Amino acid sequence: MTVRTRFAPSPTGYMHIGGMRTALFNWLWARHNGGTFILRIDDTDQQRNMDEALGPILRAFKWLGLTWDEGPEIGGPYAPYFQSQRGELYRAAADRLLREGKAYRCFETKEQIDEDRKLAEAEKRPYLSARRSLQLSESEIQKFLVEGRPHVIRFLVPRNQMVVIDDHIRGRVEWDAGLMADPVIMRGDGSPLYNFATVIDDTQMQITHVIRAEEHLSNTPTQVLLHQALGNTLPQFAHIPYVAAPGGKEKLSKRKLAQYRNNASFKKLCDKGDAVFTQIGLSGQAGLDPVMVEFYERVGFLPAGILNGLLRLGWSLDDKTEIFSLDDAVKLFTLDRVVKAPAGFDPDKMVSYQQHWMMQLPLAEKVAGCLPYLEKAGLIASPPTPENREFTARVIAALGDRIRLFSDVLDVAYFFRDEITYDEKEFAKRLAKEGVPALLAGYRDRIAALLDWTVENLEAALKSYCEEQSQSPGTLIHALRISTTGVPIGPGVYECVLLVGRERALTRMDQAVQRVSHQPLPPNP
């Protein structure tokens with residue numbers, strides 16, 4: 001058997017983390033077995049979907065490197081891959097079920113159905129379709145059709161059987177068909193309902209494994225009965241656990257962003273995004289948050305980090321291995337390693353995977369990833385000059401492991417601009433103390449006389465000067481860092497001074513000393 005899996009999103013906006021995890025599991029199972037992965041677009045609900053909403057979905061797949069073998073933009077033997085373009089297939093299947101007496105035209109009104117539901121509720125029994133329309137003669141049905149009387153097509157559930165599947169993750173699952181209402185398969189306007197269209201598409205596209213979120217488990221008995229009614233070979237099912245919200249057990253939802261911000265890790269990631277988007281001109285972009293895949297692309301994550309994180313949301317190889325490349329995942333992925341319990345979304349874990357893969361990245365690739373952020377923030381030329389590239393490489397090399405995301409380069413904007421913004425609390429702590437401004441001013445004059453600025457020479461000058469002044473080197477080091485960068489942390493202080501540059505470093509030290517004394521700055525020489 002050639003394995004054929006599919007992911008069938010509805011194009012409603014940015015790609016959800018949970019949906020992307022489901023897509024990844026389908027992709028991995030197909031690749032692990034040398035099979036085919038299909039991307040199908042379930043766009044039957046035209047009021048809900050927008051054409052432009054497909055773009056973010058395709059962008060997410062391409063960014064992560066999850067190529068599809070059949071689907072949008074490339075076609076395939078079972079085209080079209082948009083449900084909105086497959087209407088003839090659904091109508092033909094519905095007509096067949098009608099001819100075979102396995103479906104019927106239902107003319108019952110909404111009021112009648114609501115009354116039946118209320119009666120079932122009052123009698124504390126499951127609601128079952130009354131099937132009044134089955135009593136109509138063929139001439140009555142044709143008369144109603146000529147009149148244009150509103151109706152739907154319902155599947156006639158065979159109520160004398162159990163529906164059984166052996167799910168790859170859930171094990172044996174059973175439903176009593178005698179407790180199922182007759183589902184609508186076609187609306188009055190001739191458009192199909194989800195369960196019906198999915199069955200037709202999965203069969204026509206020869207899907208062998210339906211791997212999807214556990215919320216679709218309730219759709220399975222209806223789909224199984226439809227497959228049986230149409231004489232189809234039943235696909236194998238695997239219902240994976242939902243992705244749980246950070247710090248909780250409910251499903252991760254894009255509608256509860258404000259609530260998730262109560263979680264410190266999630267809030268930290270959101271705040272990072274807010275800061276980056278403001279700097280690069282994306283502030284106010286609705287829907288772009290850590291629940292969506294595109295958030296991570298825009299903030300500067302690597303595809304390898306996100307894929308590693310998605311893989312570990314509900315799948316494990318053992319109790320110790322955390323890091324997996326995509327090639328590793330293809331070799332090792334099996335459905336029996338998917339857990340049943342909800343998979344908790346942990347922003348800190350996503351960042352840790354990202355940090356690991358960023359550390360493996362060559363310097364040239366780090367520079368290439370960081371340059372667009374500097375460019376969009378107006379910190380370097382557009383397009384970047386060779387000098388921009390060379391200087392950015394020096395900065396990133398100095399930052400080392402501090403660069404976890406490509407956008408982290410914006411945290412050291414003080415290397416790229418003339419003006420400086422101080423951390424006021426740290427400025428007061430490190431500089432606004434008796435004797436410190438004079439100590440900094442003296443060191444400033446000492447290094448101004450140095451002909452050769454190197455890390456070694458700057459450090460030697462600081463140590464000798466502090467020894468002469470009977471001062472702790474630490475006091476001056478902190479003052480030097482704040483005065484030249486404005487912040488209390490960063491690369492080595494002497495590397496920072498070199499990256500800031502001689503002229504700017506001396507000027508900033510002058511500014512800091514004058515700021516403490518509230519005296520006007522002397523004119524630049």
Side-chain angles (χ1 to χ4, degrees), residues 10 42 44-45 47-48 90 94 97-98 100-145 147-165 167 170-199 212-230 237 239 241-242 244 248-251 253 255-256 259 340 342:
S10 179
D42 285 2
T44 54
D45 191 343
Q47 291 183 339
R48 180 183 175 194
Y90 310 136
L97 291 176
L98 286 170
E100 296 176 356
K102 297 174 181 178
Y104 62 97
R105 298 185 187 276
C106 178
F107 295 91
E108 294 173 29
T109 65
K110 180 179 182 301
E111 289 73 22
Q112 287 176 312
I113 294 173
D114 287 344
E115 184 177 334
D116 291 342
R117 289 185 184 278
K118 290 178 181 177
L119 180 60
E121 184 178 345
E123 295 178 354
K124 298 182 179 180
R125 59 175 173 79
Y127 163 73
L128 297 178
S129 306
R131 297 179 171 177
R132 298 181 182 89
S133 295
L134 285 178
Q135 308 305 316
L136 297 173
S137 66
E138 184 59 33
S139 60
E140 288 175 309
I141 292 173
Q142 292 303 316
K143 177 175 179 293
F144 288 164
L145 292 176
E147 293 175 355
R149 183 171 296 194
H151 75 287
V152 296
I153 298 177
R154 290 185 182 273
F155 174 62
L156 188 63
V157 172
R159 292 177 176 168
N160 59 344
Q161 71 175 79
M162 296 295 292
V163 182
V164 181
I165 64 167
D167 191 279
R170 305 286 156 183
R172 184 180 178 87
V173 187
E174 299 181 353
W175 298 268
D176 185 349
L179 304 178
M180 295 170 56
D182 295 340
V184 176
I185 59 174
M186 298 286 279
R187 301 182 182 90
D189 62 3
S191 61
L193 272 293
Y194 166 77
N195 279 328
F196 187 54
T198 292
V199 166
R212 58 189 180 186
E214 67 177 359
E215 64 202 63
H216 288 288
L217 188 61
S218 60
N219 293 321
T220 304
T222 296
Q223 293 176 11
V224 169
L225 290 174
L226 284 166
H227 276 298
Q228 293 173 344
L230 292 165
F237 291 95
H239 288 89
Y242 64 80
K249 295 185 178 180
E250 63 177 6
K251 181 182 175 183
S253 170
R255 298 181 181 87
K256 297 185 177 181
Q259 175 181 322
K340 293 181 181 180

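What you are looking at is a predicted structure, and each value in this text was computed from that prediction instead of being measured.
Surrounding NZ of Lys102 are more than 12 heavy atoms belonging to other residues, nucleotides or ligands, all under 6.0 Å away. Other residues, nucleotides and ligands contribute over 12 non-hydrogen atoms within 6.0 Å of the CD atom of Glu215.
For the ring pair (Phe, Tyr, Trp, His ring centres under 6.0 Å) condition, the pairs that include at least one residue of residues 174-197, sequence neighbours left out, are Tyr194-His216. Among residues at least two apart or in separate chains, there is no ring pair (Phe, Tyr, Trp, His ring centres under 6.0 Å) pair with a member in residues 115-140.
Contact between Ile153 and Ala94 at its shortest, heavy atoms only, is CD1-CB, 4.4 Å. For Phe237 against Gln223, the heavy-atom pair with the smallest separation is CE2-OE1, 4.4 Å. Scanning all heavy atoms of the two residues, the minimum distance from Met180 to Asp176 falls at CG-O, 3.9 Å. For the residue pair Pro221 and Ser218, the shortest heavy atom distance occurs at CD-O, 3.5 Å. Closest heavy-atom contact between Glu108 and Gln112: CA-OE1, 3.2 Å.
Using a 4.5 Å heavy-atom cutoff, the side chains of Phe107 and Leu145 are in contact. Phe144 places a side-chain heavy atom less than 4.5 Å from the side chain of Leu136. Pro241 places none of its side-chain heavy atoms less than 4.5 Å from the side chain of Lys251. Annotation: side chain of Leu225 is in contact with side chain of Gln228 (closest heavy-atom distance under 4.5 Å). Between Asp114 and Glu111 the shortest side-chain heavy-atom distance does not fall below 4.5 Å.
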Pair Glu121, Arg117 - check salt bridge (Lys or Arg N to Asp or Glu O under 4.0 Å), show working.
CA-CA 6 Å; Glu121 184 178 345; Arg117 289 185 184 278; over 6 Å; no
Evaluation steps, side chain to side chain contact (heavy atoms under 4.5 Å, CB included), between Leu97 and Leu226
CA-CA 9 Å; Leu97 291 176; Leu226 284 166; 4.2 Å; yes
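A donor-acceptor contact shorter than 3.5 Å links the side chain of Arg187 to the backbone of Pro192.
With no hydrogens or angles considered, a side-chain donor-acceptor pair links His239 and Thr220 at under 3.5 Å.
Applying the side chain to side chain donor-acceptor pair (under 3.5 Å) rule to Lys256 yields the partners Glu250; only residues at least two apart in sequence or on another chain are considered. The side chain to side chain contact (heavy atoms under 4.5 Å, CB included) test applied to Asp182 returns Tyr104, Ser129, Arg131, Arg154, Leu156, Val157, Arg159, not counting sequence neighbours. Gln135 pairs by the side chain to side chain donor-acceptor pair (under 3.5 Å) definition with nothing, not counting sequence neighbours. In this structure, the salt bridge (charged side-chain N to carboxylate O under 4.0 Å, His left out) partners of Asp116, at least two apart in sequence or on a different chain, are Arg132.
Here the CD-CZ distance, from Gln142 to Arg105, works out to 7.5 Å after rounding to the nearest 0.5 Å.
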